[in-house]
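Each remark here refers to the structure printed beneath this line.
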Amino acid sequence: MVRVRFAPSPTGVLHVGGARTALFNWLFARNNKGTFILRIEDTDEVRSTDESVGQILESLAWLGLDWDEGPYFQMQRKEIYQKHLAQLEAQGKAYRCYCPPEELETMRRLALLEKRPPRYDGRCRSLTDTQRQEREAKGSPEGQSCAKSQGQKHVLRFAMPQEGETRISDLIRGQVCFENLLQQDLVIQKTSGIPTYNFACVIDDHLMGITHVIRGEEHLSNTPSQIQIYKALGWEPPQFAHLSMILGPDSAKLSKRHGAASVMDYKNQGYLPQTLRNYLALLGWATPTSQDLFEPEELIAKFNLDYCQKNPAVFDFNKLSWMNGIYIRKLSKSELFQAVKPYLPPKSDYDESKLEEMVGLEQEKYKTLADAGRLLDFFFDENYPYQWPDMEGLLAKSPNMKTAGDCLKLAQTLETKFNASDNFSSQAVEKTLRETTQEYKWKTSEVFHSLRFAISGRLQGPSLFHMAESLGKARVIQRLKRFHPDPGTSPDGSPALLGGAPSTTGFKGNSPRLNPYFLSPGHG
RNA sequence: GGCCCCAUCGUCUAGCGGCCUAGGACGCUGCCCUCUCAAGGCAGAGAUCACGGGUUCGAAUCCCGUUGGGGCCA
């Protein structure tokens, strides 16, 4: 029976590297009909926070990675570690070290200076009983954690075997060999009495019956020490699988610097959980056919540790965006609307069904949900500007429409026609437009683009007829009245060349990063 | 500094001794579709498989070394 765990330290947000580890564990468990356990490794009493625990749980839930057991908290299991710590000490497999932190620091510096590996020399290992009593009496070390109430006068170090080697049969990397003599006697219990990460991890993995430890490559170097602890306790180590790292575009470890590093960053920027899950699965894992897109069940069915990649993977924001577009297009209109809603202006004159219709018009263009701003802003802003260079561009491409005045005339014609008709469905709008094209003997594009420009201030947008229908007759006519393609014809006489009055809604599309709606969904 | 890991198009990767004149995907370029932008379809550019030695009839694939990147000790 497969039992795996994800064991984050609650010292910050859940990063994509951690999320990928969680995902692979989860996939492995589900694929093998095994158990996925969540364990919070909060033994770093200084840096661990409840807030971080909350964020990690929230991130996992958002990604849809549900756990079968836990969360367990290591700080609630201190007695358990205590027992095994005492056992090792009694058996002489661990010893008290009284070296003060400053002394260790000096030793390390000296070692580096002499170009030796900066490892603890094991000087406390061979202390006699009398020497030990002396140290106890003196009361060192004086580390910060020692100052705490239950501080002890020593740390406990694990006595690594001095000869032989430790072999790891890694499921991804194969045989990896470490010489025992080169491993240092690592601290397994701090002066505070709390076990260190490496120790608590071993105890829990054993006691929780973990069969496969799937974790990041950064833990590979810790593994020989951990294996020796298993042996000292008379336990069989689990199987190990060390996943390659995830890097940023500059080949450095992925971090905040690269734009988004935490799972919640991606959520807030408008990525779908199914996108991130699918994309993360592709970092360091691939099927023999290099398949890119997976249905959730398919991913579980096909997941296999044998397909894991050994070399590190660079996180490709481009591909993530492409994939997000794919998943956004797969949403139903109402799902899309619900997802995009937090990115829409908090208030507008449109009712829900109208909004849903508008959101759906641009479904194939979203890369992220936050694109709603860029894509739909003109629906909400009656004071959108007209840019003269756009008008010029329009004229340049129009053999029949010679001047801005011609454009205005067309707008007036359309205004009259729309006014005269009761039907303002997209079909009716199209009919009117095509008729007008005939009458004017212009190219369809000349007429269509002119109307688009007049009623939205843009040359790009959704299907013109549907866009008009969504805006509604009254609004379209109002916008046509407002249309002023050049300064001479501006209805209020103000210079219209470089755009109209400032936006009243604050919902402007060209610089989404500056707009609060795009930064935080759920605003307002 | 020591130990450990890694090395195929810009990126994610397929490949596990002959099917490879190296396949797919993102991105890029062009064409088609089209009321614009997208989406979609088609085509194209892009990798002397890090380098140097071996082993073999034959190597991207196995071995050794070098270089480069990363991790741990921190």
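Both backbone and side-chain heavy atoms feed into the values below; hydrogens, waters and symmetry mates do not. Here is the naming used below: chain letters follow the sequence lines, and residue numbers restart at 1 for every chain.
In this structure, the nucleotide among rC5(B), rG27(B), rA38(B) sitting nearest to the side chain of Leu220(A) is rC5(B). Checked against rC72(B), rA25(B), rC6(B), the side chain of Lys319(A) finds its nearest nucleotide in rA25(B). Distance from the side chain of Met245(A) is smallest to rG70(B) among rG70(B), rG27(B), rU11(B). Nearest nucleotide to the side chain of Asp292(A), out of rC12(B), rA25(B), rA14(B): rA25(B). Comparing rG70(B), rC12(B), rC35(B) against the side chain of Phe465(A) picks out rC35(B) as the nearest. The side chain of Ala313(A) approaches rU13(B) more closely than any other nucleotide in the set rG71(B), rC6(B), rU13(B).
With a 6.0 Å radius and a threshold of 12 heavy atoms from other residues, nucleotides or ligands, Glu297(A) has its CD atom at or below the threshold. Heavy-atom contacts from other residues, nucleotides or ligands closer than 6.0 Å to CD of Gln438(A) number 12 or fewer.
Using a 4.0 Å cut-off between charged side-chain N and carboxylate O, Asp406(A) and Lys409(A) make no salt bridge. A salt bridge between Asp390(A) and Arg458(A) is absent, with no side-chain N of the basic residue lying under 4.0 Å from a carboxylate O of the acidic one. Residues Asp44(A) and Lys190(A) are not paired through a salt bridge, judged by the lack of any N-O separation under 4.0 Å between the basic side chain and the carboxylate. A salt bridge between Lys330(A) and Glu295(A) is present, with a side-chain N of the basic residue lying under 4.0 Å from a carboxylate O of the acidic one. Between Glu165(A) and Arg167(A), at least one side-chain N (NZ, or NE/NH1/NH2) sits under 4.0 Å from a carboxylate O, which counts as a salt bridge. Under a 4.0 Å N-O distance rule, the pair Glu41(A)/Arg39(A) qualifies as a salt bridge.
The nearest whole Å value for the distance from the CG atom in Leu181(A) to the P atom in rC4(B) is 13 Å. Between the CD atom of Gln309(A) and the P atom of rC16(B) there is a distance of 14 Å, rounded to whole Å. Counting to the nearest Å, the C1' atom of rC72(B) and the CD atom of Glu179(A) are 16 Å from each other. Atoms CZ (Arg434(A)) and P (rU34(B)) sit 11 Å apart, rounded to a whole Å. Note: CD (Glu217(A)) to C1' (rG69(B)) measures 11 Å, nearest angstrom. The nearest whole Å value for the distance from the CD atom in Glu362(A) to the P atom in rC35(B) is 16 Å. As a whole-Å value, the separation of Glu165(A) CD from rG2(B) P is 20 Å. Atom-to-atom, NZ of Lys397(A) to P of rU36(B) comes out at 10 Å; the value is rounded to the nearest Å.
Place Glu218(A) and Ser290(A) on RNA chain B by their nearest nucleotides, and Ser290(A) ends up nearer the 5' end. Nearer to the 5' terminus of RNA chain B, by closest-nucleotide assignment, is the contact made by Lys367(A) (compared with the other of His219(A) and Lys367(A)).
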For this session: Just do the side chain to side chain contact (heavy atoms under 4.5 Å, CB included) check on Trp285(A) and Gln309(A) with the steps written out, would you?
Result: CA-CA 6 Å; Trp285(A) 178 83; Gln309(A) 184 81 8; over 6 Å; no
Problem set entry | Worked check of side chain to side chain contact (heavy atoms under 4.5 Å, CB included) between Met467(A) and Ser470(A) | CA-CA 5 Å; Met467(A) 176 177 132; Ser470(A) 290; 5.8 Å; no
Exercise. Could you go step by step and tell me if Arg479(A) and Glu382(A) meet the salt bridge (charged side-chain N to carboxylate O under 4.0 Å, His left out) rule?
Worked result: CA-CA 7 Å; Arg479(A) 289 181 176 204; Glu382(A) 294 306 322; 2.9 Å; yes
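Looking at heavy-atom distances under 4.0 Å, Pro462(A) makes contact with a base. Asp316(A) comes within 4.0 angstrom of a base, heavy atoms only. Among the heavy atoms of the strands lying under 4.0 Å from Gly284(A) are primed sugar atoms or P, OP1, OP2 only; no base atom is included. Base engagement by Ser463(A) is indicated by at least one non-hydrogen atom pair under 4.0 Å involving a base atom. Counting any heavy atom pair closer than 4.0 Å across all strands shown, Leu459(A) reaches a base atom.
With no hydrogens or angles considered, a side-chain donor-acceptor pair links Gln175(A) and Ser169(A) at under 3.5 Å.
The partner of rC57(B) is rG18(B), by the rule that a Watson-Crick or G-U pair needs both atom distances under 3.5 Å. Pairing of rG68(B), defined by two Watson-Crick or G-U wobble distances under 3.5 Å, is identified with rC6(B). Across every strand in view, rG44(B) sits in a pair with rC28(B) that passes the Watson-Crick or G-U test at under 3.5 angstrom. When both distances must be under 3.5 Å, the Watson-Crick or G-U wobble mate of rC73(B) is rG1(B).
Donor-acceptor pairing under 3.5 Å, judged by distance alone, is absent between the side chain of Ser244(A) and the base of rG70(B). Taking 3.5 Å as the limit, the base of rG24(B) and the side chain of Thr289(A) contain no donor-acceptor pair of atoms between them.
Of the residues in residues 322-339 of chain A, those placing a heavy atom less than 4.0 Å from an atom of RNA chain B are Trp322(A), Arg329(A), in numerical order. A heavy-atom distance below 4.0 Å to RNA chain B is reached by these residues of residues 272-282 of chain A, ordered by number: Leu282(A). Listed by residue number, the members of residues 440-456 of chain A with any heavy atom below 4.0 angstrom from RNA chain B are Phe448(A), His449(A), Arg452(A).
When the P atom is compared between rC6(B) and rC31(B), the two are found 46 Å apart, to the nearest whole Å. Atom C1' of rC28(B) sits at a distance of 12 Å from the matching atom of rC9(B), rounded to the whole Å. Going from the C1' atom of rG65(B) to that of rU55(B) covers 15 Å, rounded to whole Å. As rounded to the nearest Å, rC16(B) and rU29(B) have P atoms that lie 34 Å from one another. Spacing of P atoms, rA50(B) relative to rG68(B), comes out at 16 Å, to the nearest Å. Taking atom C1' in both rU61(B) and rA47(B), the straight-line distance is 16 Å, to the nearest Å. Spacing of C1' atoms, rC33(B) relative to rC42(B), comes out at 11 Å, to the nearest Å. Nucleotides rA7(B) and rC49(B) have their C1' atoms positioned 10 Å apart, rounded to a whole Å.
Checked against the 6.0 Å centroid criterion, the rings of Phe380(A) and Phe378(A) do not qualify as a close aromatic pair. Aromatic pair Phe158(A)/Phe199(A): ring centres not closer than 6.0 Å. The distance between the ring centers of Phe448(A) and Phe465(A) falls below 6.0 angstrom.
Side-chain nitrogen and oxygen atoms of Gln184(A) include at least one within less than 4.0 Å of the OP1 or OP2 phosphate oxygen of rA74(B). Asn311(A) has a side-chain polar atom (N or O) that falls below the 4.0 Å cut-off from OP1 or OP2 of rU8(B).
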